[in-house]
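Note on naming: letters A, B, ... go to the chains in the order of the sequence lines (proteins, then strands), and numbering restarts at 1 for each one. A quick note: this is a predicted structure, and the numbers were derived from the prediction, not measured. The basis for the numbers below is simple: all heavy atoms, side chains too, and nothing from hydrogens, waters or symmetry mates.
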Protein chains: 2
Amino acid sequence: MVDETKPVERQVTIEDIAEAANVGIATVSRTLNHPEIVRQKTRDKILSVVQELGYIRSGAARALASKQTFTVGALIPTMNNAIFAASIAGFERELSKANYTLLITVTNYDRDQETIQLHKLLEHGVDAVLLIGLEHSKRSYTLLNKSNCCVVSIFGSRRSQKIPNIGFDNKKAAEKIVDHLVSLGHQRIGMIAGITRHNDRARDRKNGVIKALQKHNLAYHPSLFIESQYSHPHGREALKHLIHQNIKPTAIICGNDVLAMGVLFEADAQRIKVPGQLSVTGFDNLPITGHLKPALTTIDVPSEQMGAEAAKAIIANLSSEAKIKSRLLEAKLLIRNTTGPRR
Amino acid sequence: MVDETKPVERQVTIEDIAEAANVGIATVSRTLNHPEIVRQKTRDKILSVVQELGYIRSGAARALASKQTFTVGALIPTMNNAIFAASIAGFERELSKANYTLLITVTNYDRDQETIQLHKLLEHGVDAVLLIGLEHSKRSYTLLNKSNCCVVSIFGSRRSQKIPNIGFDNKKAAEKIVDHLVSLGHQRIGMIAGITRHNDRARDRKNGVIKALQKHNLAYHPSLFIESQYSHPHGREALKHLIHQNIKPTAIICGNDVLAMGVLFEADAQRIKVPGQLSVTGFDNLPITGHLKPALTTIDVPSEQMGAEAAKAIIANLSSEAKIKSRLLEAKLLIRNTTGPRR
DNA sequence: TTGAAAGCGCTAACAG
DNA sequence: CTGTTAGCGCTTTCAA
């Protein structure tokens with residue numbers, strides 16, 4: 001008598017395909033991975049069986065046998081910043097073209113968290129890792145090092161040796177902003193920087209501003225420099241704070257566009273004319289900033305490009321050992337309408 | 001003579017740990033997966049060896065042996081929409097808490113692409129899949145079905161049977177907007193909807209508007225309804241187009257906030273007073289919309305919450321077979337300042 | 001061109 | 001509580 005119990009839907013395996021196609025499993029494997037070395041007829045037969053049985057290869061088994069997962073991990077500080085979203089979009093697009101899949105983990109700007117997440121990515125066997133910036137915990141570096149997994153960083157300011165970096169010069173970009181402001185006659189320049197602790201990009205931008213101030217023989221007023229989280233409300237609060245200082249800034253440089261927009265909103269609420277009474281600058285060039293009224297003067301950060309280039313470099317490295325070279329891309333100053341002559 | 005060639009850095013395996021700790025590999029495995037059933041002393045010894053040797057478990061081997069990868073895949077239309085970013089952020093946060101890792105793939109609103117990506121996720125052995133909306137290709141449904149992988153959808157409007165959905169009623173939300181506009185006296189209402197083809201959310205919103213118009217016995221002017229990609233420039237163009245129609249709308253409902261902002265920017269450029277001459281509404285409640293001047297009347301979509309709830313449901317299902325129930329969350333109308341009495 | 005067979009590193013019975 | 005061992009499904013020599 002036939003066993004009537006419904007069989008557990010066993011996964012279709014390479015053996016099922018081999019059997020149904022009357023070939024060895026090695027031939028099935030070859031057909032799927034190196035079709036060119038299998039005779040056309042055999043291949044067609046196998047492929048049709050694959051189709052018919054709805055065979056889905058086991059990535060785990062493939063990874064175990066071949067030491068490759070075709071996955072790449074990304075460690076990003078937050079998803080709530082369009083600038084990272086743009087980079088990841090470019091990154092994912094290129095990875096996807098080459099049939100890699102992206103594993104994303106969010107660190108919330110927490111280095112311990114980052115190390116933990118990195119460990120997790122490594123356990124998953126990612127073929128490469130994408131990092132933001134060049135400042136990471138020693139433990140992360142150690143992990144990366146002994147796992148000798150392919151790594152790339154984006155957004156960093158230096159042609160780093162430790163980790164190949166595809167970034168741009170945050171510091172120089174910040175200097176350009178100051179140069180521009182100074183050329184407009186501004187002397188009392190304030191800054192709402194991002195939180196610089198454990199964030200090399202924010203720190204480079206801040207240092208760039210300070211350095212440029214010195215270059216122009218302008219005073220650096222610590223009371224005019226504050227650090228703030230990247231959010232509209234924080235930008236608004238920061239402006240309120242700054243305008244209550246003894247020294248009144250005529251221009252405010254913001255660590256990113258979100259802060260700058262917050263400043264713009266608050267200035268509007270306080271009836272402070274921009275750029276009439278106050279010049280404001282951002283950093284990132286988010287899509288919306290060009291539509292604002294007045295349009296925001298900012299730095300055009302090649303975010304999508306960095307992501308895409310990083311992916312291409314990783315793919316090249318993975319498929320041909322091509323060493324990844326650090327590279328700094330262009331970050332242009334976009335002079336729009338939130339900056340004007342000193343009042 | 002000693003072999004001086006540098007040995008290939010062989011990966012540290014569970015056997016190395018077992019040997020160094022003088023135990024069997026099973027005990028190492030237990031220590032890592034079910035510490036409570038291992039004697040304290042043995043466990044400590046093993047853990048210290050793990051630390052010392054910098055052991056990283058092989059996810060591939062674990063997955064192959066246990067049929068679980070502790071990864072979850074997400075298929076999203078695009079990364080360039082903050083609303084999805086917010087959902088993914090909530091989703092990732094909850095997954096991460098439960099030690100799952102997120103695999104992201106972008107479909108670009110392309111169903112064939114979606115099926116291909118889904119297939120790839122399945123090959124990677126994801127324990128669950130997150131989908132946006134309820135409209136997917138037949139092939140995707142087939143794939144999901146026979147892989148009997150855990151699935152959840154977010155953003156959809158129905159308590160679906162085929163796929164558990166944690167969403168909100170897009171149609172009803174759209175109706176609320178019309179009700180609001182009608183209560184302000186508007187009769188000639190136009191709409192800039194998203195592209196509705198293969199997008200149930202966009203279509204539900206559009207249909208909701210049309211249905212509500214009928215409910216109020218108002219004419220549905222097809223010439224006042226256009227579909228457009230979600231971008232500021234597209235929103236601007238759409239407004240230009242609408243104001244050149246014979247019938248002039250006194251209110252324009254936008255398929256999302258990005259379109260609405262485009263309309264606001266263009267209205268400003270054309271010196272059309274909002275809401276004086278034209279009322280405008282959005283959909284999503286992006287963080288910036290409350291800061292705009294005038295602040296945008298929109299629908300508060302629980303994007304982050306949907307993502308977080310979806311993750312929790314998946315985790316519960318994976319760890320206890322708890323069936324996932326479809327659920328519709330609240331999406332409130334946020335009346336702000338871009339809507340006013342008909343001129 | 002193809003097949004047989006040896007692992008890849010781990011989990012989970014099973015036996016002790 | 002712990003060790004032994006049989007796979008998990010695939011890739012990749014090695015032979016044929």
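- Rounding to whole angstrom units, CD of residue B/Q40 and P of D/dT2 are separated by 11 Å.
- Rounded to whole Å, atom P of D/dC1 lies 20 Å from atom CG of B/N22.
- A/V38 comes within contact range of the sugar-phosphate backbone alone, with a heavy-atom separation under 4.0 Å but no base atom that close.
- Side-chain contact between A/I132 and A/I154 is present, with heavy atoms from C-beta onward closer than 4.5 Å.
- Note on ring orientation: taking the six-membered ring where Trp is involved, the planes of A/Y100 and A/F70 are tilted (angle from 30° to 60°).
- Shown here for A/Q11 and A/D16, the closest heavy-atom pair between the two residues is O-OD2, 3.7 Å.
- Among the protein residues, B/V28 comes within range of no part of the nucleic acid, since none of its heavy atoms lies under 4.0 Å from any strand.
- The shortest distance between the side-chain N/O atoms of A/T27 and the OP1/OP2 oxygens of C/dT2 is not below 4.0 Å.
- Along DNA chain D, the nucleotide closest to A/A26 and the one closest to B/V23 are compared, and the more 5′ of them pairs with B/V23.
- Exactly one residue among B/R30, B/E19, B/E15 makes a side chain to side chain contact (heavy atoms under 4.5 Å, CB included) with B/I25. That residue is B/E15.
- Distance B/K41 NZ to D/dT2 P: 11 Å, rounded to the nearest Å.
- Under the 3.5 Å distance criterion, with hydrogens and angles disregarded, a donor-acceptor pair is assigned to the side chains of A/S153 and A/N165.
- In the model, A/T115 has a side-chain atom that pairs as donor or acceptor with a side-chain atom of A/S137 under 3.5 Å.
- Whole-Å rounding puts the A/I37 CD1 to D/dT11 C1' distance at 11 Å.
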Strictly under 3.5 Å: I want the nitrogen or oxygen pairs between protein and nucleotides 8-10 of chain D, one per line.
{"residue": "D/dC8", "atom": "O3'", "partner": "B/K67", "partner atom": "NZ", "Å": "2.8"}
{"residue": "D/dC8", "atom": "O2", "partner": "B/A65", "partner atom": "N", "Å": "3.4"}
{"residue": "D/dG9", "atom": "OP1", "partner": "B/K67", "partner atom": "NZ", "Å": "2.9"}
{"residue": "D/dG9", "atom": "N2", "partner": "A/A61", "partner atom": "O", "Å": "3.3"}
{"residue": "D/dC10", "atom": "OP1", "partner": "A/Y55", "partner atom": "OH", "Å": "2.2"}
{"residue": "D/dC10", "atom": "OP1", "partner": "A/S58", "partner atom": "N", "Å": "3.4"}
{"residue": "D/dC10", "atom": "OP2", "partner": "A/I14", "partner atom": "N", "Å": "2.3"}

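- Note: CG (B/D16) to C1' (C/dG9) measures 10 Å, nearest angstrom.
- Summarising the geometry of B/I163 relative to B/V152, their closest heavy-atom pair is CG2-C, 4.2 Å, with the distance given to 0.1 Å.
- Atoms CD (A/Q68) and C1' (C/dC8) sit 14 Å apart, rounded to a whole Å.
- Remark: P of C/dC10 and CG of B/L32 are 9 Å apart, rounded to the nearest angstrom.
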